[in-house]
Number of protein chains: 2
Amino acid sequence: MAGPRDEFPFSFAELNAFLAVCDEGTISAAARRLGVTQPAVSIALGELEARLGTKLVDRAVRPPVLTPAGALLRQRASALLSEARLIAPEMREIDRGRLPLLRIGVIDSLARSLTGVLVRTASEMADEVAIQAGLTAGHASNLLTRKLDVMFGLDDLADVPDLERWPILTEPYVLALSPGLTPPATLDELRALAAENGFVRYSARSSTGVDIDRHLRRLGLNFPRRLEFDTPYGVLIPLASGHGFAITTPICLIESGVAPDAVVCAPLPGPRLTRTVTLVGHPDRRRRAPKILAEAARRDLQASVAERLSRLAPSLVGSVAILDD
Amino acid sequence: MAGPRDEFPFSFAELNAFLAVCDEGTISAAARRLGVTQPAVSIALGELEARLGTKLVDRAVRPPVLTPAGALLRQRASALLSEARLIAPEMREIDRGRLPLLRIGVIDSLARSLTGVLVRTASEMADEVAIQAGLTAGHASNLLTRKLDVMFGLDDLADVPDLERWPILTEPYVLALSPGLTPPATLDELRALAAENGFVRYSARSSTGVDIDRHLRRLGLNFPRRLEFDTPYGVLIPLASGHGFAITTPICLIESGVAPDAVVCAPLPGPRLTRTVTLVGHPDRRRRAPKILAEAARRDLQASVAERLSRLAPSLVGSVAILDD
DNA sequence: TATCTCCATAAGCGCTATTTATATTCCGTA
DNA sequence: TACGGAATATAAATAGCGCTTATGGAGATA
């Protein structure tokens with residue numbers, strides 16, 4: 001797979017080399033630390049710069065100093081690599097272990113909405129209940145490593161056999177705008193809006209953020225990032241106090257707890273994009289925990305979502321579909 | 001830099017190929033989408049499995065299904081790649097004189113209180129701002145791996161050199177009880193309370209939970225766990241709807257957003273136990289981000305904490321000390 | 001100015017990933 | 001149960017990438 005550099009203008013090794021240069025201060029020292037010769041690092045760095053189209057380090061002065069672009073790459077690369085380094089160890093850890101406890105992971109955008117009903121329901125099934133809020137990816141890996149028994153998230157892990165799946169709800173992604181902004185009706189208007197106003201995004205750590213990124217990429221929309229968050233609350237806060245817009249969902253709007261007049265909602269121009277929250281869990285023959293929790297969650301949401309939306313964003317009432325099997 | 005696979009048992013292209021296989025369902029289809037031949041993908045996948053030491057897809061059945069390890073890799077890889085895809089476009093932006101990213105981690109119990117002021121302050125220092133909420137431990141490791149520039153948390157990372165530290169606030173742990181329960185005045189009364197009512201605890205993943213556990217252990221108190229959460233909101237929800245008690249802090253009470261009459265607060269009998277929130281950050285010579293963010297956060301809290309507490313729990317007004325250097 | 005260190009470039013080469021070609025396995029269907 | 005088609009694995013050949021050694025130039029220190 002070493003063909004022409006299609007999509008990624010860098011390799012792990014190159015990023016690693018670059019970081020070594022940042023840490024060590026010189027190319028020679030970095031080469032020593034990496035256990036390769038000096039020209040190897042020199043060339044790698046040069047090609048990295050060529051492919052990125054930017055100088056990364058200013059070698060005119062000594063010791064070499066990072067350019068602004070280099071400083072950014074350092075941030076990004078070191079985050080990326082420390083993330084990558086975790087993957088292999090985690091995969092080795094996938095074994096099985098069982099605890100009597102009932103452990104439930106809930107995606108951030110449903111944490112507040114569901115915690116109450118989950119506590120009530122789960123308390124009747126288990127003596128000990130642990131509930132954690134977080135991102136889908138974290139819950140999924142915890143589920144697969146059996147650190148969780150069930151999770152509410154955006155990934156139904158369809159490829160994994162021997163898991164139970166209970167769909168909870170489907171909802172559209174919508175635009176959320178600062179009050180005063182005119183909702184765009186077409187993609188061109190959306191593009192114009194983005195030229196004048198900041199786009200507040202979910203981070204790529206969240207499934208929601210990944211979904212939205214991919215959708216925008218397919219539409220050829222390339223909003224600059226200015227503000228990013230990994231929770232619904234974070235995304236909506238900046239809208240209330242300035243000129244900006246975000247892509248979010250009705251449930252996220254409810255979860256964020258913003259005031260009714262702080263944000264204006266509108267449909268997302270272009271192709272429809274939705275997300276589905278699914279309960280995924282290890283089968284539990286005795287307690288039937290996945291099924292019972294799913295049904296309780298649905299009942300609770302059925303009773304509360306429309307009512308809350310009618311106060312926050314009447315136009316979105318009916319957009320959230322609580323599912324059944 | 002294509003020597004023996006030292007540290008990373010995969011390349012971007014291989015992860016991309018694996019994701020294509022996940023999406024398309026078959027190796028052949030993935031190869032078509034990637035514009036390579038089928039054996040290329042087949043071999044790449046096989047070597048990926050060999051290097052990771054795990055089967056990723058079960059090809060015995062058709063269509064192939066992911067193993068648990070494969071599902072985990074899918075999660076991780078897709079997050080990693082969507083993060084990586086953003087890097088190059090961003091670097092082009094930087095050359096147009098934009099300021100680099102500022103990434104801030106905030107402990108869950110201050111997330112809502114601080115997000116607004118942090119967005120306002122950080123936006124003036126950087127063109128891009130990322131704020132994530134979570135647990136202190138996660139932020140600390142992200143800070144050390146440079147995935148974060150500054151963090152607000154309960155750990156000042158005193159052992160790590162070359163970090164700036166700015167104390168934000170100190171507050172006591174207090175008891176929170178379901179309405180109707182009588183606040184215990186002594187440790188014996190607390191023990192009696194625990195015999196009759198459920199103790200809702202913070203999970204051991206959170207610094208707060210670890211602190212409380214240790215304190216209780218020293219006092220010889222051994223409450224059975226029944227319910228545990230890792231966010232302030234989660235801990236207080238069960239109290240509002242049943243007979244139980246928890247140990248929490250004034251800031252957590254504010255953060256949770258519970259109604260004023262849902263919970264009753266009282267001092268914690270026995271030795272005083274407090275916690276201190278500190279801002280820790282990488283030094284930032286140019287922008288002075290840690291100092292400026294700390295000062296803005298203090299000002300904001302100074303203005304808002306007492307006011308909010310007076311509505312929620314008048315007896316706690318004055319218990320939170322906003323610090324200075 | 002001399003010297004040391006660091007860096008860039010050039011040439012050669014080994015290795016890796018790709019391709020084409022072919023065998024094998026699995027599934028649906030007659 | 002036998003057969004056709006599709007998907008996958010394997011083998012051999014090839015091409016390209018990145019490594020090394022060798023060498024010249026540039027900056028810092030005395």
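Note that the structure is a prediction, hence the values are computed from the model and not measured. Lettering of chains follows the sequences in order, A, B, ..., and the numbering in each one begins at 1.
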Return the value, rounded to whole Å, for the distance between atom CZ of B:Phe12 and atom P of D:dC17. 18 Å
Please answer whether the main-chain N or O of A:Pro290 pairs with a side-chain N or O of A:His282 as donor and acceptor at a distance below 3.5 Å. no
Return the set of residues passing side chain to side chain contact (heavy atoms under 4.5 Å, CB included) with B:Ala122 (not counting sequence neighbours), or none when no residue passes. B:Leu102, B:Ile104, B:Val129, B:Leu293
Nearest heavy-atom contact between B:Arg51 and B:Pro9 is NE-O, 3.0 Å
Ranking C:dT19, D:dT8, C:dC7 by distance to the side chain of B:Val36, first place goes to C:dT19
A:Ile27 CD1 - C:dC6 C1' separation (whole Å): 8 Å
Would you say a side-chain N or O of B:Ser42 is under 4.0 Å from OP1 or OP2 of D:dA9? yes
Round to the nearest Å and state the distance from A:Phe8 atom CZ to D:dC17 atom P. 18 Å
Tell me: CD of B:Glu47 to C1' of D:dA9, nearest whole Å? 13 Å
Could you state the atom-to-atom distance from CG of A:Leu48 to C1' of C:dA8 in whole Å? 16 Å
A:Thr278 side chain to A:Val280 main-chain N or O, any donor-acceptor pair under 3.5 Å? no
Take atom NZ of B:Lys55 and atom C1' of D:dT8, then tell me their distance rounded to the nearest Å. 13 Å
Minimum-distance nucleotide (side-chain atoms of B:Pro39 versus C:dT9, C:dC6, C:dT20): C:dT20
Of the options C:dC7, D:dT21, D:dT8, whose atoms approach the side-chain atoms of A:Thr37 most closely? D:dT21
Can you identify which nucleotide, out of C:dT9, D:dT8, D:dT10, has its nearest atom closest to the B:Ile43 side chain? D:dT10
What is the distance, to the nearest angstrom, from the CD atom on A:Gln38 to the C1' atom on C:dC7? 5 Å
Quick one: A:Arg32 CZ to C:dT5 P, roughly how many Å, whole number? 10 Å
